[in-house]
Amino acid sequence: MREIVFHLLVVVCVLGGTLSMAGALIWLERRLLALWQDRYGPNRVGPFGLFQPVADAIKIFTKEDWIPPFADRAVFVAAPAVIVVTVLMSFAVVPFAPGVWVADLNVGLLFLFGMSSLGAYSLILAGWASNNKYSLIGGLRAAAQTISYEVFMGLSLMGVVMLAGSFSLRAIVEAQQGVWFCVTQFPALVVFLIAGLAETHRLPFDMPEAESELVAGFHSEYSGMKFGMFFVGEYLAITLLSALATVLFFGGWLGPVLPPLVWFVLKTGALICGIILLRASLPRLRFDQLMSLGWKILLPVALLNIVVTGAIALLGK
Amino acid sequence: MLHLLWLIPSLPLAGFLVLALAGRRLPRALVSIVGVGSVGLSALLSLLIAREFVVRAPEGDAFVQTLWVWMNVGGFAPSIGFRLDALSLLMTLVVTCVGFLIHLYSTEYMRDDEGFSRFFAYMNLFVAMMLALVLADNLVLLYLGWEGVGLCSYLLIGFWSRDPANDAAARKAFIVTRVGDAAMAIGLFILFTQLGTLDIQDLMQRAVREWPVGSGVAVAAAALLLGGAVGKSAQLPLQTWLPDAMAGPTPVSALIHAATMVTAGVYLIARTNVLFTLAPSVQALVMVVGALTLLLAGCSALVQTDIKRVLAYSTISQIGYMFLALGIGAWQAAMFHFMTHAFFKALLFLAAGAVIVSLHHEQDMFKMGGLRKQLPTTFWTFLIGAAALSALPLVTAGYYSKDAILHHAWSLGRAGLVPWTAGVLGAFLTGLYTFRMVFLVFFGEAKTKARHGPGFAIHLPLVLLGALSIFGGFVETPESLGHVTVFGRFVGTILPEAGTAHAALGPEWLFHAAAVGLPLLGIALACWFYLLRPRTETAGLGLDSLRRFWFSGWGFDWVYDLLFVKPFVTIARLNRSDAVDWFYRVVADLSVGLHLVLRLTQSGRLRRYASGIALGAAIILAIVELR
Amino acid sequence: MTVIFYLSAIIAVAATFLAITRTNAVHALLYLAVSLLAVAMVLFTLGAPFAAALEIVIYAGAIVVLFVFVVMMLNQGTATIRRERAYLTPSMWIVPGLLTLVLFAELVCVVAWVPEAAGAPAEAIGPKAVGMALFGPYAIAVEMASLLLLAGLIGAFHLGRRDEE
Amino acid sequence: MTPIAPEHAVALAAVLFLLGLIGVLVRRNAIFVLMSLEIMINATGLAFVAAGAAWGQPDGQVMFLFILSMAAAEVSVGLALVLRMYSRFKTLDTDAADTMRG
């Protein structure tokens with residue numbers, strides 16, 4: 001009975017934590033961007049503008065939720081939900097601390113890949129259902145980008161799987177007791193982060209929305225809470241990416257002195273800040289550059305990493 | 001050094017591959033370098049290996065190098081392996097060195113030909129295949145080289161394939177030798193089924209162990225091998241292809257006649273001499289074939305007008321000498337004659353080529369003449385070659401080798417009477433037709449204007465071969481003339497020494513007188529008819545029909561046409577519209593009709609096809625379930 | 001587990017039926033994706049989590065996305081939907097329906113006659129066991145599959161190239 | 001974990017397969033035909049996994065993997081063909097591509 005209660009508690013906490021994290025991130029990102037770009041950012045609502053997300057939420061909830069008449073209604077409504085659902089589902093297999101997880105699948109990593117590939121539907125369907133040529137182009141870009149970068153993401157993590165000997169995220173964390181995989185699998189880390197950014201369509205890989213060319217791309221026609229869901233989904237995806245990088249490469253909850261959960265949150269937070277810094281500092285790529293970067297650099301690097309890791313693992317036996 | 005043996009055939013093969021794959025795109029200079037260089041390197045390598053072999057003879061006087069097992073089928077496992085012993089070394093040296101000189105010569109001879117790289121590709125393959133033939137340590141690899149040589153001869157004889165006559169000549173060479181090859185293949189089958197191996201050394205030992213002398217199997221096997229040898233070496237009755245093979249470029253003729261191809265038969269018999277010793281009747285047959293061929297070809301050579309055909313008949317005749325020698329067990333003498341023949345016949349062909357090219361591809365001797373002044377180098381070297389061919393005593397290589405054969409026949413006693421007589425008569429004929437050629441071409445008045453003389457690449461091989469034609473004979477001299485036995489000791493490790501136990505036919509002086517006198521008589525006659533009293537050839541003797549008969553090569557082509565080609569064509573013609581055809585026509589009509597019906601199903605509708613598949617699945621499932 | 005299995009099975013059949021009857025390609029593809037996800041659940045309940053994960057990643061995540069991609073590239077608008085509707089006359093369904101019914105009856109017979117599987121252990125077969133089997137006795141088949149994929153890659157590249165016509 | 005009756009899983013596969021077959025037989029649009037093919041292939045894979053699960057062997061999943069790779073290859077070539085077909089005939093109607101009829 002106690003275990004079931006604990007389990008339920010974890011589920012609720014994860015759901016609430018991640019959603020509120022997304023809200024906090026909106027504020028954090030705007031503040032950090034402002035800091036790095038030498039301006040103020042939101043600082044009026046509450047101390048340091050801390051209540052800005054609340055104000056944003058109120059505004060978004062109360063806006064008119066408009067569906068264009070030319071849109072494909074059902075798909076148009078379903079699309080934003082998909083991204084939020086898939087990202088939240090992904091959190092189910094992330095181990096936050098020993099015993100603190102929703103599910104410990106022995107194919108956890110594969111589950112993550114599945115969810116991230118399903119997440120692509122959100123953008124593609126939104127682009128298609130809007131029935132607008134900019135949105136369609138955005139959706140097409142999202143499809144090509146997601147299909148391509150999923151390959152490298154999967155391949156880059158095979159080295160980690162080989163070293164840990166399991167698809168289970170818990171086992172991967174436990175395999176880093178000695179040395180973190182960010183040392184032994186450095187190329188994989190680089191490829192994973194780039195591919196992850198591309199999967200979440202963050203700058204410098206935000207070709208599907210690309211305000212300057214596609215007028216916000218796949219979500220041009222969205223407003224109100226549907227737009228809000230895309231927004232929240234994006235920040236959830238950033239959190240997920242950082243959490244995954246922490247689990248896969250930075251030893252998850254492992255660390256001295258402090259309690260495990262704290263270590264996990266610290267590492268994830270640092271990575272989130274890093275990702276925001278990337279957004280602040282890098283320009284957007286062209287689409288062909290994105291593709292050639294993926295197929296001509298990341299793919300060979302990931303493959304080489306697998307071969308070398310496999311060879312070393314074989315020799316080490 | 002010996003372990004580099006595999007490179008000797010591989011280098012020309014590599015040259016062939018390079019030229020065949022990329023030759024068209026390479027500049028001519030590079031083609032020459034690859035084509036000549038590969039054979040040249042091979043020749044150099046064989047010289048080095050020969051030195052090593054002589055200085056420090058390997059164990060058992062043979063060096064075997066097995067590269068890999070070719071195939072392994074039911075206990076039949078021929079290897080790609082080479083065996084270097086005195087015999088194969090001799091052959092290798094001749095093939096590579098003479099081959100190299102011919103290649104060098106070809107760079108100038110073929111200079112303006114559009115198929116330059118193709119020519120060198122074929123030539124390289126030719127040399128490679130011949131080397132595989134002589135170096136093979138089992139009969140299967142030997143057979144590969146055997147067939148490869150046949151293929152290359154086909155390609156090269158028909159090299160100028162624009163002219164259908166050349167094509168016909170190439171086909172003739174290929175088909176006629178094929179008759180012999182088929183016999184040889186059957187011989188190999190017999191050997192393998194009876195002795196269970198085709199490794200040559202193994203085979204010989206087993207043959208000696210298991211077959212008594214004169215046993216039926218041995219006779220059959222030897223006779224079939226002889227069939228192959230006869231085909232390849234252009235001996236009676238398969239000699240008809242060689243004169244026609246002159247259709248190819250002259251260097252090709254030189255290569256076929258001197259270094260490769262036709263000597264393969266001699267090599268085969270020498271290589272399997274144990275087998276022939278076991279079958280005395282076949283060995284006697286070899287002798288008879290050699291003797292007949294030598295006389296027939298000599299007579300034919302006497303009346304030819306084309307310079308290359310004279311040389312072709314003379315080759316047949318000289319190979320006849322070798323067969324004669326093999327037939328009477330003079331193995332060493334046969335190989336000796338092979339070597340000297342390679343030198344002077346290559347020389348004669350190359351010199352003839354120089355003459356031909358100087359006269360704008362004129363080959364008729366009666367349109368030549370007086371070239372002595374215009375082409376001095378060619379003349380002198382040709383003269384050396386002619387002297388060697390007609391066995392001018394003491395100074396030429398041909399004398400020593402032919403003398404060795406005749407001497408062996410002489411020393412056989414009564415058994416040697418026939419071969420000796422044939423040999424001496426042949427020597428007389430040789431002298432006659434050789435110097436007929438010399439006088440017609442180089443003396444008398446000039447009938448065709450020669451253009452500028454040939455260049456260095458033609459002269460160098462001529463001079464070198466001329467030197468070899470003179471000095472090449474001094475490695476083995478008879479007892480009465482210094483008694484040098486370098487060659488005999490060298491080859492003696494492989495080939496049994498000629499026994500001289502019998503009483504000689506007569507006193508020694510008589511032998512020498514005949515052996516020296518008859519060629520000289522032939523030369524004198526030639527001198528009389530063609531130098532001092534020209535234009536008496538036909539009218540003087542009144543033997544016009546005989547002349548025509550000899551000119552056509554004793555009518556063999558006519559006979560074969562009558563015996564084989566005509567009946568076949570007639571039967572084919574009779575058979576043109578027979579019941580068999582009718583049957584096939586009905587089959588064809590039926591399938592056309594069926595096609596017309598089945599065509600209806602080809603609607604181009606994807607869904608119909610899919611329905612068909614589904615229906616088929618349903619039916620099959622039903623059958624499976626109801627069974 | 002059994003409940004989930006039957007639920008997923010029902011969803012799969014329903015979604016598949018909808019997928020093959022829709023006139024709008026994207027809607028059909030979405031139903032197909034749902035059907036595939038349901039099949040993934042079925043696989044999971046059958047004790048094949050590895051296959052289930054791959055079903056999601058490759059079928060739902062890659063293949064169907066590729067379909068959507070192509071449909072979007074050809075984006076033909078409402079005219080095609082009308083044409084599709086015209087194609088799907090009720091008479092079209094008669095022959096395939098009958099054929100399929102026959103096949104279904106036969107298949108049911110086959111399945112019903114299958115002898116009881118001896119001692120089927122109820123535990124899941126994880127990725128490790130599959131991997132061991134793949135790179136053990138099936139190594140040649142893996143090579144062949146990789147060759148097949150390479151051939152598919154080259155074929156798709158060649159076909160997709162726009163040459164001057 | 002109560003095991004699922006393998007016959008039921010195989011029956012599900014059969015139903016899905018036949019639905020796909022109906023799709024192939026009925027649809028004229030090349031994309032729908034390809035989709036239906038995918039359904040059929042997927043159903044085959046499901047049958048394999050069900051059989052493998054019934055016997056407690058990984059071979060079923062191995063076969064599923066091969067079927068998966070085959071499906072991936074098939075769909076890539078198939079969709080490329082669809083694109084070619086569209087650029088040639090300006091329609092996706094499979095009946096339009098009947099120039100090879102007898």
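So you know, we letter chains A, B, ... as the sequences are listed, proteins then strands, and number each from 1. Hydrogens, waters and symmetry mates play no part in the numbers below; they use all other heavy atoms, side chains included.
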Visitor: Just wondering, do C/Leu43 and D/Gln61 contact through their side chains at under 4.5 Å, heavy atoms?
Guide: no
Visitor: Less than 4.5 Å to any heavy atom of chain C: does that hold for the side chain of D/Leu34, its backbone, both, or neither?
Guide: both
Visitor: With respect to chain C, which residue among D/Ile31, D/Val82, D/Leu21 yields the maximal number of heavy-atom pairs within a distance under 4.5 Å?
Guide: D/Ile31
Visitor: Atom CG of C/Leu54 and atom OG of D/Ser69: how far apart are they, to the nearest 0.5 Å?
Guide: 10.5 Å
Visitor: Give the member of D/Val77, D/Val49, D/Val26 that has the highest number of heavy-atom pairs under 4.5 Å with chain C.
Guide: D/Val26
Visitor: Of the backbone (N, CA, C, O) and the side chain (C-beta and beyond), which part of C/Val130 lies under 4.5 Å from a heavy atom of chain D, both, or neither?
Guide: both
Visitor: Any side-chain heavy atom of C/Tyr138 sitting closer than 4.5 Å to one from D/Phe66?
Guide: yes
Visitor: Contact part of D/Met85 toward chain C, heavy-atom cut-off under 4.5 Å: side chain, backbone, both or neither?
Guide: neither
Visitor: Counting neighbours of CG on C/Leu98 that are heavy atoms of other residues, nucleotides or ligands and sit closer than 6.0 Å, is the number greater than 12?
Guide: yes
Visitor: What part of D/Glu38 is in contact with chain C, defined as an atom under 4.5 angstrom from a non-hydrogen atom: side chain, backbone, both or neither?
Guide: both
Visitor: Tell me the closest heavy-atom pair linking D/Phe64 and C/Glu55, and the distance in Å.
Guide: CZ-OE1, 3.0 Å
Visitor: Non-hydrogen atoms of chain D under 4.5 Å away: do they reach the side chain of C/Thr21, the backbone, both or neither?
Guide: backbone
Visitor: Rounded to the nearest 0.5 Å, what's the gap from CG on D/Leu18 to OG1 on C/Thr100? Could you check?
Guide: 6.0 Å
Visitor: Once rounded to the nearest 0.5 Å, what's the spacing between atom OG1 of C/Thr16 and atom CG of D/Leu19?
Guide: 6.0 Å
Visitor: Count the heavy-atom pairs under 4.5 Å between each of C/Val64, C/Val95, C/Leu29, C/Leu150 and chain D, then report the option with the highest count.
Guide: C/Leu29
Visitor: For D/Leu12, is it the side chain, the backbone, both, or neither that has a heavy atom closer than 4.5 Å to a heavy atom of chain C?
Guide: side chain
Visitor: With a 4.5 angstrom heavy-atom cut-off, which part of D/Leu83 approaches chain C: side chain, backbone, both or neither?
Guide: side chain
Visitor: Compare every heavy atom of C/Leu74 with every heavy atom of D/Tyr86, then report the nearest pair and how far apart it is.
Guide: CD2-CD2, 3.5 Å
Visitor: If I compare all heavy atoms of C/Ala133 with all of D/Pro58, which pair ends up nearest, and what's the gap?
Guide: CB-CG, 4.0 Å
Visitor: Identify the heavy atoms of C/Tyr59 and D/Ala71 that sit nearest to each other, and give their distance.
Guide: OH-CB, 3.4 Å
Visitor: Shortest non-hydrogen contact from C/Ala19 to D/Met35?
Guide: O-CE, 3.9 Å
Visitor: Using non-hydrogen atoms only, which part of C/Leu148 is less than 4.5 Å away from chain D: side chain, backbone, both, or neither?
Guide: both
Visitor: Between atom CG of C/Leu134 and atom CE of D/Met63, what is the distance when rounded to the nearest 0.5 Å?
Guide: 9.5 Å
Visitor: Side chains of D/Val15 and C/Leu107: does their closest heavy-atom pair fall under 4.5 Å?
Guide: no
Visitor: Around D/Phe48, counting heavy atoms of other residues, nucleotides and ligands shown, do more than 12 lie under 6.0 Å from its CZ?
Guide: no
Visitor: Among C/Tyr6, C/Phe67, C/Phe157, C/Phe17, who wins on heavy-atom pairs under 4.5 Å with chain D?
Guide: C/Phe67
Visitor: Could you check which of D/Val10, D/Ile39, D/Asn42, D/Leu46 has the highest count of heavy-atom pairs closer than 4.5 Å to chain C?
Guide: D/Asn42
Visitor: Under 4.5 Å heavy-atom distance to chain D, tell me which part of C/Leu103 shows up: side chain, backbone, both or neither.
Guide: both
Visitor: Measure distances from C/Met132 to the heavy atoms of chain D and classify the residue's part below 4.5 Å as side chain, backbone, both or neither.
Guide: neither
Visitor: Given side chains that start at C-beta, do those of D/Leu79 and C/Phe69 come closer than 4.5 Å, heavy atoms only?
Guide: no
Visitor: Determine the minimum heavy-atom distance between C/Leu159 and D/Ala80, stating which atoms define it.
Guide: CB-CB, 3.7 Å
